[in-house]
Structure formats: C-alpha cells, structure tokens
S.K.: 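Attaching a single structure in structure tokens format; questions to follow.
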Amino acid sequence: MRVLVLGGGGREHALCWKIAQSPDCEALFCAPGNAGTAQLATPLTLDLLDHAAVAAACGTHGIDLVVIGPEAPLVDGLADSLRRRGVAVFGPSAAAARLEGSKAFANAFMARHGVPTARSWDFTDGAALRAHLQTCPIPVVIKADGLAAGKGVVVATDRAMALEAARAMTEERRFGAAADVVVVEEFLPGEEASVFALVDDDGVVLLQPLQDHKRRFDGDEGPNTGGMGAYTPVPALDAALLARVRETIIEPMARGLAQEGMCYRGVLYAGLMLTPDGPKVVEFNVRFGDPECQPLLMALQSDLLPLLTATARSELASAAAPVFVPGAALCVVLVAEGYPGSYPRGREIRGLDTVQGDDVVVFHAGTRSGPDGQVLTSGGRVLGVTARGDDVAAAQARAYVAIDTLHFDGMGFRRDIASRALARE
Ligand code: AMP
Ligand code: GLY
C-alpha cells in the first residue's frame, strides 16, 4: 500500500514510524512532516486547507490510504472531500468532528445518547454567564466552545477566578470566535485517563488506555499545555472499568453517530474522569492524542496499518484485534524555553544520534532540518522521548537516561512522567 500521513508533529512521526514497519507498506509520504518524518517518509509540500490539491497529490502518488493526524483539517472537512473523490481516508467527517470542534455540540450529543458526562450550560450572553457564575457551586469549569489549542479551559477554584475566565472569553475575546459560545460545566472529581477507540460504520476496537500530563511543571503545577508526557497502560483503568467504558461510552457514541448519519471512520479519543460514580467524559477528540500516540504505538506489538485500513474501509468488525506488549511505555516531551507561552525557534538539537535501541525512540515534534544537515527546533514541543520496558519503572528509567544525552538551549521537561502509575507499582 501507498500511504500518505498528514500533519507534522510527534503524533505524525510516531504514525510514520509504525506504518513504515508494516509489511503492507510499499511507499510512505508525509505532509508537511518534520525532520523526523523525513527520515521515514517522502515529504510533500501541501496546503491541507486546499482539498483539491491534497486529492491531486493522492492521484499523482497513487495513494491508497490517507491518515489525517490533526483536528483542524478534520473539522474543515478534508476527510469528506477526499472520500467524495474516492480516496480511502482514516479520519471522521466534518459533521462528526464537531465532537471536538464544539464542546456545546459534544455535550448535546452525549445528552441525546445517554453518555455520562458533566452537567453543562451554554451561554452566548455575557450577563447571563456572569449571573450563573455568581451562584453556581465552586469549583466550576469554564470552556470556550471552539478549538483553542487546548488552552480554552479554566478549572476555577474560586468565584473570582471563574468571573475572570468569563471576562477574558467574553470581553477581552481572548479566544476570538472560539468563545462566541461559553460552556460552563460542573466540576468532576477523580483521576483522568484517556481511551482511544477505532470507530467505523459498524464496529469499534478499543486500544490500551493512556494517561496524559497536561500541566507544564512537575506535580501538575503551572499552565495547561498540549501535553508534557503520557504513558500506557493505566493501572487505575483496569479491564473491568475498560469494559464499562466500552459499554456506557464508546458503543453508545458509535451507535449515535451511525443513527445521526455522521460518518466516523477514525479514532475517537475519550478524555475521561474516573469519578466515584464511574467513568464520565470530560472531552472528545476526533484524532490520536499527541503525545499519547507515541507511547501507544510503541506499546502496540501488532501491525497498525491493517487496522487503519480496516477503519477507512469500514471493515473493523472483521479486523484482527490489536496486541500490546506486556509492560509499559511512556513518552517525555522536551519543550522549548517559555512554552506554552512564546518561545524561540531555530536552536540546534544535539545528541540525537546517541539514542539507539529498539526500546527507546526519539520522536520529533517541532523540528526542521537546518542548512548543514543539523536538526533545529521549530516548535514549542520539540521532541518526544519514548521508551518501553517490562514495567513503568524500567520504561521511565530508559527515557530519562536517553534525555541526559540530548541537548538544545532552553530545553525543558517534566521529571515525573508516569509517577502516578509508579506509585501504584
Ligand atoms: P478539555 O480540553 O475539555 O479536556 O479540558 C482540559 C482539562 O480541564 C481536562 O483535562 C481536565 O483536567 C479539566 N476539565 C475539563 N472539564 C472538566 C470537568 N467537567 N471537571 C473537572 N475537570 C475538567
Ligand atoms: N495531549 C492531549 C491531546 O492530544 O489533546
């Protein structure tokens, strides 16, 4: 098969890394990619907003399967455009991608299909929003309805913070049109975990659960980021609980999508809170998480490509189940100085050649090739150092040993990735 991966972060490098190992993969392309994907896949220059150009490239290169990594082209309808032109695509329709593109839509969809989540209220009027926040129970969660790069959510621990979050969204317009609707949710207590499920017209396949680390600093301090590290499996989400997630969340969602005629052939990412009343949905994404994709694919022993193909063709019901390695895998993200605020680019990365072995891989996120063959930073999240081991401790030790050999000016990372699982071990 000839495969085209769209996107340019750590998730896409991990996808290319795994797909390239498949005996079914005959040729691999990536657009726009990064310095890491360029080692595995032929880079293509494509504007993902130009659907006709992407379709034309598929024709030129004889592409059999397109894998769409990030949410923006999905919300923009790229999967629909390609499918209309007869291209097999791993990625949901624009109609279904609203599960990520609009939190109000996702909440209403869950309500229609009886999927457990937080109680929520939508506001388009600043005064009504303020009035609600004056009297609601605290803590309370305030969300911009639309896409805000993971930054549009405030968990307010006192009323002043809640009102300030509302002001930033409605008056200062910090998230622009993404906060035309502001969603207020009841606060759900518990431990967070994520479940990724492959979903097509009549099948679901659950993958191994993961846990992300969203805050910038150790001990879950500091600002929210796109993700500072992740690990799999999650001891708090055992087989019994996972069966409950399948029954109460994933299957009703898949049925609901089919009933409402929204084509879903991709991965559904359920961000969950494991509350005392059972697992409840905190958010949906319509793509693999980043960095979660990196440890997930390192832990996946069986071939990924047949699963992606089966999803794109809606043949999941008859696909072989995925097999995961025993033990654990984790990813530690190396970020630029200042991330998640503004940060410099163009810093040289050293030590990439020193990391070797089957059980540790450095996935590139924000990197590009320099003029003299060096690798330079070009984003906030720069690298994802991903390792597997017989247990969490072994995987963690392997990742941090590799990090000691890597360097770029201003490099930062968390030292406590997977510490919750380690505590349980
Ligand atoms: P989201 O982008 O919707 O996943 O929200 C970002 C983070 O905010 C989540 O990972 C949770 O830590 C937290 N969060 C969101 N919604 C809730 C909620 N209803 N209750 C508690 N925490 C929440
Ligand atoms: N790491 C969180 C996400 O991909 O949304």
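For ligands, and for the atoms within them, numbers begin at 1 and follow the listed sequence.
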S.K.: Test D145 against S102 for side chain to side chain donor-acceptor pair (under 3.5 Å), laying out the working first.
M.R.: CA-CA 5 Å; D145 175 57; S102 165; 2.8 Å; yes
S.K.: Identify, by atom number and element, the atoms of ligand 1 in contact range of M273, meaning under 4.0 Å from any of its heavy atoms.
M.R.: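 Close to M273: 21 (C), 22 (N).
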S.K.: With a 4.5 Å cut-off on side-chain heavy atoms, are V204 and L316 touching?
M.R.: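 No; the side chains remain at least 4.5 Å from each other.
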S.K.: Are D220 and R414 close enough for a salt bridge, meaning some N to O gap below 4.0 Å?
M.R.: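 Looking at R414 together with D220, the answer is yes, because their closest N to O distance falls below 4.0 Å.
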S.K.: From atom 18 (C) of ligand 1, work out which of N285, V141, T275, V140 has a heavy atom at the shortest distance.
M.R.: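 Ranked by closest heavy atom to atom 18 (C) of ligand 1, first place is V141.
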S.K.: Can you name the ring pair (Phe, Tyr, Trp, His ring centres under 6.0 Å) partners of F29, sequence neighbours left out?
M.R.: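 Listed in chain order: H61.
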S.K.: Would you mind running through ligand 1 and noting each atom that sits below 4.0 Å from a heavy atom of K214?
M.R.: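 Answer for ligand 1: 4 (O), 10 (O).
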S.K.: Between E337 and Y343, is any side-chain donor less than 3.5 angstrom from a side-chain acceptor?
M.R.: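 Y343 and E337 do not have a side-chain donor-acceptor pair below 3.5 Å.
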S.K.: Will you find, in the side chains of T37 and E12, an N or O donor that is under 3.5 Å from an N or O acceptor?
M.R.: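 Looking only at side-chain atoms, E12 and T37 do not form any donor-acceptor pair under 3.5 Å.
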S.K.: Quick check: does L188 get an N/O under 3.5 Å from an N/O on ligand 1?
M.R.: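 It does: an N or O of L188 is found under 3.5 Å from an N or O of ligand 1.
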S.K.: Go through ligand 1 atom by atom and flag the ones less than 4.0 Å from a non-hydrogen atom of K143.
M.R.: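 Ligand 1 atoms under the 4.0 Å threshold to K143: 3 (O), 15 (C), 16 (N).
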S.K.: Quick one: look at E192 and ligand 1, take heavy-atom pairs under 4.0 Å, and tell me if it's side chain, backbone, both or neither.
M.R.: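 Just the side chain.
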S.K.: What atoms in ligand 1 come closer than 4.0 Å to a heavy atom of A118?
M.R.: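 Within the 4.0 Å cut-off of A118, ligand 1 contributes 19 (N).
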S.K.: Which residue pairs pass the ring-ring contact (aromatic ring centres under 6.0 Å, His included) test with at least one member in residues 391-425, sequence neighbours excluded?
M.R.: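 Residue pairs passing ring-ring contact (aromatic ring centres under 6.0 Å, His included), neighbours aside: none found.
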S.K.: Apply side-chain contact (heavy atoms from CB on, under 4.5 Å) to E185 and list each qualifying residue two or more places apart in sequence or on a separate chain.
M.R.: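 E185 satisfies side-chain contact (heavy atoms from CB on, under 4.5 Å) with N107, A118, S120, V141, K143, V183 once adjacent residues are dropped.
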S.K.: Return the protein residues near ligand 2 (heavy atom under 4.0 Å from any of its atoms), ordered by chain and residue number.
M.R.: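 These residues qualify: D212, G226, Y269, N285, R287, G289, D290, P291, E292.
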S.K.: I'd like to know if E192 pairs up with R420 as an ion pair, taking the criterion as any Lys NZ or Arg NE/NH1/NH2 lying under 4.0 Å from an Asp or Glu carboxylate oxygen.
M.R.: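 Salt bridge flag = no for R420 with E192.
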S.K.: Under 3.5 Å, is there a donor-acceptor pair linking the side chains of D76 and H51?
M.R.: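 Side chains of D76 and H51: pair found under 3.5 Å.
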S.K.: Taking only heavy atoms of E186 into account, list the atoms of ligand 1 that are under 4.0 Å away from them.
M.R.: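 Close to E186: 18 (C), 19 (N), 20 (N).
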